[in-house]
Structure formats: C-alpha cells, structure tokens
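Only one structure is covered here, and it is reproduced in the block below.
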Amino acid sequence: MAASFSPFFFRPGIFRRPLAHTGSAVAADPGAGSGGKHGGGSGVPRLRLLLLHQHLRQALWDARLLPRRAAAPAGLRALRERGCGSEEQMAAVLREIEAEVQRRKHLVHQSAERKAIISQCYKRKHSEVYTLQDSFLAPGFLEIVRYCTSPDANLHGLLRYTESFSDKRIFRLPVFTEEFCQAFIEELENFEQSDMPKGRPNSMNNYGVLLNELGMDESFITPLREKYLRPITALLYPDLGGACLDSHKAFVVKYSLHEDLDLSSHYDNAEVTLNVSLGKDFTEDNLYFGDFRQDPSPVPNYIEVEHVGTQGLLHRGGQIHGALPIASGERWNLIIWMRSSAIRNQLCPMCNQKPQLVEAEGFGDGFTETCEEDVPETVDLCSVW
C-alpha cells in the first residue's frame, strides 16, 4: 500500500504514513484554514502563516534590508497589507509563528495518546453509530449513489439530483436520516460531557470532536468516503481528483451562544469538503462563500447558503468560506476534508509549492509517494458545464 505524507511543520516537507491503515504524515493542523481565529484572531491568516513558516522567517529577516517600496516576497506583502508595518510588529508575528510551530509539533503524539485513552475508558451511549449502515443514509442520498455508479452516469444527469449554487460549484444533497443525526448528536454530547481528554477540532474551532480520536475513521468515515462519496465527487470534481480521494480528515464542530459563535473566512486543507448539518435547533449562522482562492476577483462575490438539517454541502476545499454568527440555539456540523494524493503530491494546496514530506502517523495531510503517472487527467470544465 502506498505511503502517505504531510508537509513538515507547515512548510513543504516529507511526511510518510501509509494510506488507510499503514500510516501518513503529520497534518499541518487538524483543521487550520487560511482565515483568522474565531472572533477575528490576530487578523493574520494562521494556517497560511504556519505553512509559510520558513518563507516568512526569511521575509521578516529580509524586511530589515528591503526599502519600503522594494518588491517584497508574497508573505511579507501579505503581512504589510494586514498592518504589520514596523520591524517590531513583524517580530511579534514571528514570535507567534514560532510558538504555534512548537505547539503543532506535538499534535500527532498528543492525539494518539488521547485516542488510546478514549478507546480503553470511554463508555459509549450509542455504539451502533460507530459503524456505517445504509439505514443511516437518506433515501435520496442512496439514489444519488446508485445513479453515480451506473454505467451511463454523467455530470448533467447528476445535477438533476442536487441543488447548485451560482457558478461556485457548491452543491447541496441529502446525506443522513433524522434518526441517525439525533443519535449521533446524543453520542457526541455524551462524549462532550465525559471526563475523557479532548482535542480541538482545528485551529479555528474551539468546540467539537475529532472523529479519528473517537474511533470512527475506519468503520464509518472511510467507507462513507470510498463507497458513497467518491462516485459523486468523481463526476462533480474530476479536475480536483474527485475519482481518487484517498484520505480524509473528519471532525464535528459545535456553535452556540456561549461558545463559538461564528467562523471567519478561510479555505480548507482539502481538495473537496463535505459539510453536513446534523442539528440541533438554531437560528441564523448561514454559511457564506466567496472566490476560489486561486482565482480571486478584485471585488469578491459572496453568496449566503442556509444550513438544512440532515443535508450536506459539497464544495471545493479552496473555496473561501465562513459561517455567520449564530443567533440562538445550538448547531452541530460534520466536516469531512477529502484529499487526493495524486493532486497534492504535485503541489501543496496550502503553500502552492512542491511538497517535501516527513513520515508521520495516520493519513496526515494526504500526500503519498505515488508516481507522477497517477495524476488525474485534466478536464476542460467549459465542455462539461
């Protein structure tokens, strides 16, 4: 089985960890995006800062030598645009980067320790939700999968089963039944109220659950991705490796009035993202989507998309997006970042450079040692849309 990898501490690196069950690399951050932290954070994109750690260190050093009007590296320009004009301000940002790098160096081992404790000590409330069953899936979702696995399946036929939003390649589709969502949330709340160790879902969300630590990767998320989601993404996102999404990162996030209220603009460390609204009762807190990160427009065009319980949104990981503040109640969402090693092996989606990798545990950031011949053939989207 192919070995998988992850960028070395937020810079292009070599991470090795066999796909599926044999290992993968250290993730840049379980859920880091390019936007600031909840509530605005420092105003500097955290994930991008971390991924560009080495580049920024050099840029900050060069800043002492560059005239103010000189052509500066991209990382330095980004910092200046965000108000880091003085050497003192840039030094403060660098200290923050260094502290975050040290924190992330320990994430993989800390996660493994938590997972071992949870496996041995946690008392499940609904053991049945840990193994994927067809009965958990909405009839409409199963119908979509049957169509996508039929010999004559094509994009235009699939679009009859989904709801599309503007030209941003965002699609809504049914995913789970209400009965499953209710039982799943009860299980998540049971875990939340336990004395088990808990890790943050990512660097932007403070409340939620890492599903690999809960023991749901191999028995639930992996078969969901391989058997059900991949036939759909193969038609919707052929240019992003939709037919060969071979790893993932899955977590649940929670929003409420006294916890995380919203989520600032960011993009995901994924080729394709599935975001499913599990419940519960809440008002407001719509998602918003902007430009694709590699094709920004001078005046960003944002659209709002409402959460619908039991239904999911499929979108490109590089689509700039965020969540508006919740007004009342509580919302749980399942997020699955799906990754294609054949795509990201050629270019890291977070720093846009050829990745250098380090060996690590689990799926890591979804890189592998696959050959260049395995890269999916590019598709002229104008011919299929």
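All values below were derived from every heavy atom in this structure, side-chain atoms included, with hydrogens, water molecules and symmetry-related copies excluded. Being a predicted model, the structure only gives us computed values, none of them experimental.
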Atom CD of Glu178: over 12 foreign heavy atoms under 6.0 Å: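 Result for CD/Glu178: open.
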
Out of curiosity, [X] [atom1] to [Y] [atom2], how far, rounded to the nearest 0.5 Å?
X      : Y      : atom1 : atom2 : answer
Leu334 : Leu274 : CG    : CG    : 6.5 Å
Ile185 : Leu278 : CD1   : CG    : 5.5 Å
Gln311 : Leu173 : CD    : CG    : 8.0 Å
Phe367 : Ser341 : CZ    : OG    : 9.5 Å
Asn212 : Ser111 : CG    : OG    : 5.0 Å
His307 : Ile326 : NE2   : CD1   : 8.5 Å

Please report the closest heavy-atom contact between [X] and [Y], naming both atoms and the distance.
X      : Y      : result
His248 : Asp217 : NE2-OD1, 2.9 Å
Arg344 : Asn269 : NH1-OD1, 3.0 Å
Phe220 : Tyr130 : CB-O, 3.7 Å
Met338 : Leu245 : CB-CD1, 3.8 Å
Lys249 : Pro201 : CE-O, 4.1 Å
Ala327 : Leu257 : O-CD2, 3.5 Å

Between [X] and [Y], is there a donor-acceptor pair closer than 3.5 Å when you use the side chain of the first and the backbone of the second?
X      : Y      : result
Asn275 : Asn333 : no
Gln319 : Gly290 : yes
His321 : Tyr267 : no
Arg316 : Tyr237 : no
Glu304 : Asn286 : no
Arg225 : Ile336 : no
Thr233 : Arg230 : yes
Glu259 : Ser256 : no
Asn154 : Asp152 : yes

Determine all donor-acceptor pairs shorter than 3.5 Å in which one atom belongs to a side chain in residues 131-146; sequence neighbours excluded.
from   : atom 1 : to     : atom 2 : distance (Å)
Asp134 : OD1    : Tyr228 : OH     : 2.3

Verdict with supporting geometry, Thr310 and Phe180, side chain to side chain contact (heavy atoms under 4.5 Å, CB included): CA-CA 9 Å; Thr310 75; Phe180 168 76; over 6 Å; no

Full working for side chain to side chain contact (heavy atoms under 4.5 Å, CB included) between Leu229 and Leu224: CA-CA 6 Å; Leu229 292 172; Leu224 178 63; 3.9 Å; yes

Side chain to side chain contact (heavy atoms under 4.5 Å, CB included) between Asn190 and Arg124, worked out: CA-CA 8 Å; Asn190 183 65; Arg124 297 174 176 178; 5.7 Å; no

Ring geometry between Tyr122 and Phe191 (parallel below 30°, tilted from 30 to 60°, perpendicular above 60°):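 Rings of Phe191 and Tyr122: perpendicular, as their planes differ by over 60°.
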
Residues that, via side-chain heavy atoms closer than 4.5 angstrom, fall in one hydrophobic cluster with Tyr302: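 Result for Tyr302 is Tyr288, Leu324.
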
Side-chain cluster (under 4.5 Å, hydrophobic types only) that Phe165 belongs to, other residues: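 Under the 4.5 Å side-chain rule, Phe165 groups with Ile170, Leu287, Phe289, Ile303, Val305, Leu313.
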
Anything under 3.5 Å between a donor and an acceptor, one on a side chain of residues 112-121, the other on a protein residue two or more places apart or in another chain? List them.
from   : atom 1 : to     : atom 2 : distance (Å)
Arg114 : NE     : Glu213 : OE1    : 3.0
Arg114 : NE     : Glu213 : OE2    : 3.2
Arg114 : NH2    : Glu213 : OE2    : 2.7

Any Val252 side-chain heavy atom under 4.5 Å of Leu211 side chain: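 Heavy-atom side-chain distance check passes, below 4.5 Å.
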
Sub-4.5 Å side-chain heavy-atom contact between Arg293 and Pro349: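 Answer yes - side chains close enough.
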
Common cluster, Val276/Val308, ILVMFWY with side-chain heavy-atom separation under 4.5 Å: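 Val276 does not cluster with Val308.
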
Selection residues 183-198 - residue pairs positive for salt bridge (charged side-chain N to carboxylate O under 4.0 Å, His left out), sequence neighbours left out: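 Every pair satisfying salt bridge (charged side-chain N to carboxylate O under 4.0 Å, His left out) with a residue in residues 183-198: Glu189-Lys280, Glu192-Lys254.
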
For Thr273, all residues meeting side chain to side chain contact (heavy atoms under 4.5 Å, CB included), sequence neighbours excluded: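 For Thr273 the side chain to side chain contact (heavy atoms under 4.5 Å, CB included) partners, ignoring immediate neighbours, are Asp268, Ala270, His315, Ile335, Trp337.
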
Chi angles and distances behind the side chain to side chain contact (heavy atoms under 4.5 Å, CB included) call for Phe171, Leu158: CA-CA 11 Å; Phe171 307 94; Leu158 172 56; over 6 Å; no

